[in-house]
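All remarks here apply to the structure that follows.
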Amino acid sequence: MFEDLEAKLANALKKIKGQALITEQDALEVLKNIKFALLEADVNYKVVKEIEQELKEKLVGKQIEKNLTPFQTIVDTVHKELTQVLGAESSTFVINSKPFIVMLVGIQGSGKTTTCAKLARLLKSKGRQALLVACDIYRPAAVKQLQTLGKQLDIPVFSKENTKPQDIALESLEYAKSNGRDIVIIDTAGRLQIDEQLMQELVVMKNTVQPNEILLVVDSMIGQEAVNIAKKFNDDIGISGLIFTKMDADARGGALLSIKRIVGKPIKFIGVGEKISDLEQFYPDRIASRILG
Ligand code: GDP
């Protein structure tokens, strides 16, 4: 970890060796490289500028700790800053009502349907009784996909033909109550792009079922566009958190940093593969390391 950054910082750090404090000039030279690393990781430019400024304030005049090298002192400061921007600590959700209702929203292809099943599996492994609800009725394959996944997991899937999505969701709550399911996970429709009709439908669904959590599923491979999508969903519907999928691919994860800063909602889980078990709780410190390369 950090070898690449270390090489880039080598020159800047040579000058700092032997000093007790980091001067402004040293900090600027180091920050040039940090800025480059963040841009390379696809962090939004405005966010990079903000973080650069915050880091400058933290680094200039900083004492180089006795048992650390200048490199370690700087990397430690940068790592702490990124971790803090990403959310300081890991958060999932507090299950405080029965049934607890989770609605997953997002663009088509982001991994919503797969993630519904992954989440149901994860909760099952913690002793919860999930119910999957197929409300992505415009993509018939999505209903089938969810049913197949449910069967594989031995988790029931609620679906209904010729019914509006919000009515399917509402009926599923009754089903959950009478069948002892304590978590309802609703798969909603997506589109290839954001459109106003979809947003309106999601707002109707939200008002009808009043979910405890609305989680936006985002494909980490789409880079900077993720910020626009998250902002739009949050402005129109109001999300409570995010799940980033396809983190097993080679995206460095700059979008996570940008979204957390710009939209301000917590990242709760990350998808790390196509298998149903490939969903992990989000740990900000791990992603901070990954963004630094
Ligand atoms: P939806 O249209 O949003 O419901 O998307 P799907 O759930 O159908 O997923 C679209 C594709 O992304 C499928 O081929 C999934 O297997 C794949 N996918 C979902 N999550 C992940 C992930 O975390 N990693 C990888 N590699 N693929 C994923």
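Along the sequence shown, residues are numbered consecutively beginning with 1. Order of appearance sets the numbers: ligands from 1, and atoms from 1 within every ligand. Any value given below was found using the heavy atoms of this structure, including those in side chains, with hydrogens, waters and symmetry copies removed.
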Please write down residue, atom name and distance for the protein heavy atom closest to [atom].
atom: atom 11 (C) of ligand 1; value: K246 NZ, 4.2 Å
atom: atom 27 (N) of ligand 1; value: E274 CG, 3.3 Å
atom: atom 6 (P) of ligand 1; value: T114 OG1, 3.4 Å
atom: atom 26 (N) of ligand 1; value: D248 OD2, 2.8 Å
atom: atom 3 (O) of ligand 1; value: K112 N, 2.7 Å
atom: atom 2 (O) of ligand 1; value: G109 N, 2.7 Å
atom: atom 19 (C) of ligand 1; value: G111 CA, 3.8 Å

Checklist entry - For K164, does the NZ atom have more than 12 heavy-atom neighbours from other residues, nucleotides or ligands under 6.0 Å away? => result no
Next on the checklist: Does Y175 have more than 12 heavy atoms from other residues, nucleotides or ligands lying within 6.0 Å of its OH?
Outcome noted: no
Exercise: do [X] and [Y] side chains pair donor with acceptor under 3.5 Å:
X: S240; Y: E213; value: yes
X: Q147; Y: S159; value: yes
X: Q25; Y: E29; value: no
X: N212; Y: S97; value: yes
X: S110; Y: D219; value: no
X: Y138; Y: Q108; value: no

Item to check | Part of T113 with heavy atoms under 4.0 Å of ligand 1, whether side chain, backbone, both or neither | outcome: both
Item to check | Proximity of V217 to ligand 1 by residue part, where a heavy atom lies under 4.0 Å | outcome: neither
Item to check | Any S110 heavy atom less than 4.0 Å to ligand 1 | outcome: yes
Next on the checklist: Check contact between G273 and ligand 1, using heavy atoms of the residue and a distance below 4.0 angstrom.
Outcome noted: yes
Checklist entry - Between K46 and E50, does at least one N-O distance fall below 4.0 Å, as a salt bridge requires? => result yes
Next on the checklist: Salt bridge or not between D235 and K232? Use side-chain N to carboxylate O under 4.0 Å.
Outcome noted: no
Quick check: does [X] get an N/O under 3.5 Å from an N/O on ligand 1?
X: T245; result: no
X: Q108; result: no
X: D278; result: no
X: D187; result: no
X: R139; result: yes
X: M247; result: no
X: D136; result: no

Distance filter under 4.0 Å to [X] heavy atoms, resulting ligand 1 atoms:
X: V272; result: 23 (O)
X: I107; result: 3 (O)
X: Q145; result: 6 (P), 7 (O), 8 (O)
X: G271; result: 23 (O)
X: K118; result: 20 (N), 21 (C), 22 (C), 23 (O)

Next on the checklist: One pair to check against side chain to side chain donor-acceptor pair (under 3.5 Å): E57 and Q53. What are the steps and the verdict?
Outcome noted: CA-CA 6 Å; E57 281 160 24; Q53 184 56 32; 3.2 Å; yes
Next on the checklist: Between D182 (side chain only) and Q129 (backbone N and O only), is there a donor and an acceptor less than 3.5 Å apart?
Outcome noted: yes
Checklist entry - For the residue pair F244 and F282, is the inter-centroid distance of their aromatic rings smaller than 6.0 Å? => result no
Next on the checklist: For the CE atom of M205 and the CG atom of N207, what is their distance to the nearest 0.5 Å?
Outcome noted: 11.5 Å
